[in-house]
Amino acid sequence: MNPVTAIAHPNIALIKYWGNRDHTLRLPSNGSISMTLAGLETQTTVQFDSHLSADELFINGQKASKRASDRVSDLLNHIRSLANTHHLARVTSSSNFAIAAGIASSSAAFAALSVAAAQAAGLDLDTKTLSRIARRGSGSACRSLYGAFVEWFVGTDDADSFSQPLSIGKDWELMDLIALVDQSEKPYGSTRGHKIAESSPLQTARVSDTPRRLALCRAAIKDKDFELLCQIVELDSNLMHSVMQTSTPALLYWTPETVRIMQAVKSWQSEKLEVCYTIDAGPNVHCLCTPASANEVEHRLKKLPGVQEVILCAQGNGAHLL
Ligand code: DP6
C-alpha cells in the first residue's frame with residue numbers, strides 16, 4: 001500500500017481544555033477555543049504493510065519509546081477497525097520544534113497522524129470525523145484539523161465532541177510569540193494532568209464557568225476586541241494553572257522565568273502595548289499580540305533574562321495531505 005504524508009500545525013488554546021469526562025475517548029470536561037499556529041509543523045508518513053509484524057514508529061529519525069508507540073498503535077487500531085483492515089503500519093514523523101515542552105506538540109502530531117493514517121487505510125472521511133479521530137489520540141489535536149480560530153465542543157459523547165472553525169474573526173491576524181525558557185521534556189505530561197484535574201477543589205468552578213468564558217472569547221474574536229481577548233485569555237490560563245497547582249499531586253509548571261515574563265507582559269499592557277500571555281502545561285509563555293505590536297514585543301521578550309528563543313507564529317492552516 002502506498003505511503004501517505006500529512007502536515008499539521010500545533011494550536012494554542014485561548015480557552016483551555018483541562019480534565020476529561022472519559023479518558024479513553026478523551027471527552028473533555030469543558031469546551032475550548034484555539035488558534036492554529038503557522039511555522040511550527042509536524043510531517044507524518046503512514047504506510048500500511050501486510051509484511052509487518054508490529055506497528056513501527058520513528059520520531060525525528062529515532063525509534064520511538066514504547067509509550068509513544070503504544071499511543072500511536074491505539075489510534076491506528078481505531079482507524080483499522082473503521083477501515084476493516086488488519087495490516088500494521090510504518091509511521092515516520094518529524095517536527096521542526098521541541099517535543100513535549102508545552103508548545104502543544106501532540107496536537108500537531110495526532111492531527112497529522114489521523115489525516116495520513118485515514119487516507120493510507122483507504123478511508124475517505126470528512127474533516128469533522130477526522131477531528132473526532134484525532135481527539136482520541138490527543139484532545140487538543142482535534143482543533144489542529146482546522147486553521148485560524150477553532151472551537152472544540154464539549155459534546156455529550158463520541159459523536160458530538162468534535163471541532164469546528166469559528167465562522168467569525170477569520171481576517172483577524174493575531175500573532176503568537178512563544179518565549180522559550182526551557183525546552184526539556186516536562187516531568188508531568190498533559191495526559192496524566194487531565195487525570196488528576198478533578199482532585200483540585202477548583203476544577204468544578206473552572207468547568208462550570210467555561211460557557212461564560214467561551215462566550216466572551218467568541219465575542220472578543222467577533223468584534224476584534226483585543227483588550228477583551230486579553231482579559232479572558234489570561235483569566236482562563238490563570239484558572240487552569242490554579243487547578244494544576246491545587247491538584248494532588250500539585251503541578252507547578254511555572255519557573256521564575258515564566259513568572260518574570262508574565263509580570264513583564266502586565267507592565268507592557270499598562271504602557272498600552274497590545275500583548276497578553278497564556279501558558280500551557282509547561283514553563284514556556286505564549287505571548288499573543290497584534291501584528292502592529294509584534295516587533296516591539298519580540299524585541300522586549302528577547303531582552304528578558306532566561307528567554308532562550310522567541311518563536312514568531314502567525315495563524316496557520318488546518319491539517320492537510322501533502
Ligand atoms: C494545557 O491535548 O496535550 O495544552 O489529550 O492527553 O494529549 P492529551 O492532552 P493535551 O492537553 C492539552 C492541554 C493544554 C490546554 C489545551 O491545549 O487546551
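Small disclaimer: the values here were computed from a predicted structure and weren't measured. Atoms within a ligand are numbered from 1 in the order they appear, just like the ligands themselves.
Using a 4.0 Å cut-off between a side-chain N of Lys or Arg and a carboxylate O of Asp or Glu, Arg136 and Asp74 do not qualify as a salt bridge. A salt bridge is absent between Lys63 and Glu56; no separation between the charged side-chain nitrogens and carboxylate oxygens falls under 4.0 Å.
Contacts with ligand 1 closer than 4.0 Å are made by side-chain heavy atoms of Arg143 only, the backbone lying farther away. For Ser106, every heavy-atom contact with ligand 1 shorter than 4.0 Å involves the side chain, none the backbone.
For ligand 1, the polar-atom distance check finds an N/O of His194 within less than 3.5 Å of one of the ligand's N/O atoms. At least one N/O-N/O distance between Gly139 and ligand 1 falls below 3.5 Å.
Residues in residues 157-178 take part in these ring-ring contact (aromatic ring centres under 6.0 Å, His included) pairs, two or more places apart or across chains: Phe153-Phe162.
Shown in contact with Thr191 at under 4.0 Å from a heavy atom are these atoms of ligand 1, numbered in order with element: 6 (O), 7 (O), 8 (P). Of all the atoms in ligand 1, the ones that sit under 4.0 Å from a non-hydrogen atom of Ala13 are 16 (C), 17 (O), 18 (O). Near Ala281, the atoms of ligand 1 lying under 4.0 angstrom from a non-hydrogen atom of the residue are 1 (C). Less than 4.0 angstrom separates some heavy atom of Arg71 from each of these atoms of ligand 1: 6 (O), 7 (O), 8 (P). For ligand 1, the atoms closer than 4.0 angstrom to any heavy atom of Ser138 are 2 (O), 3 (O), 5 (O), 7 (O), 8 (P), 10 (P). Every atom of ligand 1 with a heavy atom of Ser140 under 4.0 Å away is listed here by number and element: 2 (O), 3 (O), 10 (P), 17 (O). Listed by number with element, the atoms of ligand 1 under 4.0 Å from a non-hydrogen atom of Met240 are 1 (C).
Screening Arg80, Arg90, Arg71, Lys66 for a salt bridge (Lys or Arg N to Asp or Glu O under 4.0 Å) with Asp55, the sole residue that qualifies is Arg80. Remark: of the listed residues Asn11, Asp236, Val233, Ile221, Ile221 is the sole one forming a side chain to side chain contact (heavy atoms under 4.5 Å, CB included) with Ile33.
When the side chains of ILVMFWY residues are joined at heavy-atom separations under 4.5 Å, either directly or via intervening members, Val297 and Val259 end up in a single hydrophobic cluster.
His194 pairs by the ring pair (Phe, Tyr, Trp, His ring centres under 6.0 Å) definition with Tyr17, Trp18, not counting sequence neighbours.
Glu173 CD: 12 or fewer foreign heavy atoms inside a 6.0 Å radius.
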